[in-house]
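When a ligand or atom number is given, it counts from 1 through the structure's own listing order.
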Amino acid sequence: MKKVLILLVAAALLASPAFGAVRNSKHDLSSSSTGASIKSDNVDEVCVFCHTPHAGITGKLAPLWNRTAASTTLNATDLYNSVTLEAGSKPSAVSTEVNNSDAPLCLSCHDGASLAGGLANPPASNGNNQPTFTGTDTVTGDADIMDGTAALTNDHPIGMDYSVVDGTDNGGASFQDESGTAPNLKVGSLPLYGTNGVMWCSTCHDVHNEGAGQPFLNISNAGSALCTTCHVK
Ligand code: HEC
Ligand code: HEC
Ligand code: HEC
Ligand code: HEC
């Protein structure tokens, strides 16, 4: 009886994205996903839309990456800019870092282009055929981070070395200190990347964890707690 109960509890945990799983979240594009409105009609695997156990694309900032379209090149003019940005955060200073970050991986889906096809290694469970979609197969509206041609100009900056901006910046804004040593640099509990602690999309987001009422955030933003982890405001 105990075993049955444990199994039932385990099954309930697995079934609910509120407990932080990618299964049945908006990032579960499998045909049996209960959480996504954009989902495949012929592939019933979850991870395969981003990872593959074999023949993955190397050199990307997520392991065993499976999406071939992850090569968008962003120029300085595609990035957020303002007069109060610290020099080390200016688009001209960070464009290489942004291209070397996880942003191109996210944008391989969040750019409004069709999600059909595009896997380096389509799954054997689908006869090694590419996924197809019935109905919507594009990320549109707010979730289309590229907004057509606006790219990332109207989005929170990424690509800056956090150690350059923590302390007091040119605009008078100040920041919480980063902690730890590479590869475990953090600000609060938020991860920073590379040897210098660079901010990426995954500093704020966790692709595998939709959370309750949170758009895949690493921590809840209730009371703007995510923002004040970095900004002393
Ligand atoms: C929507 C795309 C997407 C899906 C679906 C996805 N992942 Fe990931 N995964 C990523 C990205 C992006 C990263 C890099 C995240 C980072 O840098 O923190 C990653 C990192 C990882 C890592 C290494 C870092 C870590 O968090 O442990 C593992 C292991 C992993 N994924 C396993 C899985 C498995 C297993 C599944 C299916 C159950 C899955 N992923 C589904 C995008 C995805
Ligand atoms: C395999 C394609 C794919 C990849 C790769 C991917 N996403 Fe998504 N993502 C989606 C889809 C599809 C949705 C659901 C959009 C909708 O329902 O309109 C989504 C939704 C989201 C949402 C929630 C949007 C909402 O309205 O609640 C966030 C946040 C998000 N993704 C962040 C990321 C980040 C950050 C990365 C990279 C680390 C990433 N995604 C990589 C396909 C992807
Ligand atoms: C500074 C933290 C931060 C960074 C960096 C960040 N995001 Fe977000 N993102 C958020 C928050 C907070 C929300 C929820 C916004 C809301 O409620 O409107 C969000 C929402 C989203 C959504 C849902 C659509 C929307 O606008 O509500 C998507 C998709 C998304 N982010 C993708 C990305 C991608 C891709 C990157 C990297 C290019 C990125 N984010 C970088 C904090 C961040
Ligand atoms: C991981 C740390 C981190 C988090 C989390 C974060 N920010 Fe930032 N934010 C930064 C850094 C670093 C800059 C670049 C500042 C600079 O160079 O002057 C920045 C820039 C900005 C700017 C532009 C400043 C300017 O001078 O143009 C605004 C506005 C902003 N953040 C608001 C937010 C809000 C709102 C949130 C929560 C949704 C948030 N940030 C979350 C680190 C963070």
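Contact annotation: the side chain of D78 never approaches that of L152 to less than 4.5 Å [non-hydrogen atoms, C-beta and beyond]. Using a 4.5 Å cut-off on side-chain heavy atoms (C-beta onward), V46 and N24 make no contact. Contact annotation: the side chain of L115 approaches that of L29 to within less than 4.5 Å [non-hydrogen atoms, C-beta and beyond].
Residue C50: no N/O/S atom is found under 2.8 Å from atom 8 (Fe) of ligand 1. Residue C47: no N/O/S atom is found under 2.8 Å from atom 8 (Fe) of ligand 1.
The shortest non-hydrogen separation linking V187 to Q176 is CG2-CB, 4.0 Å. Among all heavy-atom pairs drawn from A120 and A55, the shortest one is CB-O, 4.1 Å.
Proximity of a side-chain donor or acceptor of N66 to a complementary backbone N or O of G56 within less than 3.5 Å is not detected.
Of all the heavy atoms of H51, the ones lying under 4.0 Å from any atom of ligand 1 belong exclusively to the side chain.
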Give one line per pair: atom of ligand 3, protein atom, distance. Only N/O to N/O under 3.5 Å.
residue  : atom   : partner : partner atom : Å
ligand 3 : 7 (N)  : H205    : NE2          : 2.8
ligand 3 : 9 (N)  : H205    : NE2          : 2.9
ligand 3 : 31 (N) : H205    : NE2          : 2.9
ligand 3 : 40 (N) : H205    : NE2          : 2.8

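When each atom of ligand 1 is checked for a heavy atom of V46 under 4.0 Å away, the hits are 5 (C). Interface atoms of ligand 2 facing L29, defined by a heavy-atom separation under 4.0 Å, are 1 (C), 12 (C). Atoms of ligand 2 found under 4.0 Å from any heavy atom of F49 (numbered from 1 in listed order, with element): 1 (C).
For ligand 1, none of its N or O atoms has an N or O atom of W65 under 3.5 Å away. Here's the thing with H27: one of its N/O atoms is less than 3.5 angstrom from an N/O atom of ligand 2.
Residues passing the ring pair (Phe, Tyr, Trp, His ring centres under 6.0 Å) test with H205: none are found, sequence neighbours excluded. Listed by chain and residue number, H110, V139 satisfy the side chain to side chain contact (heavy atoms under 4.5 Å, CB included) test with A143 (two or more places apart in sequence, or in another chain).
Here Y80 and H156 keep their ring centres 6.0 angstrom or further from each other.
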Tabulate below the donor-acceptor pairs under 3.5 Å that side-chain atoms of residues 193-204 make, not counting sequence neighbours, or state none.
residue : atom : partner : partner atom : Å
S202    : OG   : D102    : OD2          : 2.6
T203    : OG1  : P191    : O            : 2.8
T203    : OG1  : W200    : N            : 3.0
T203    : OG1  : W200    : O            : 3.3

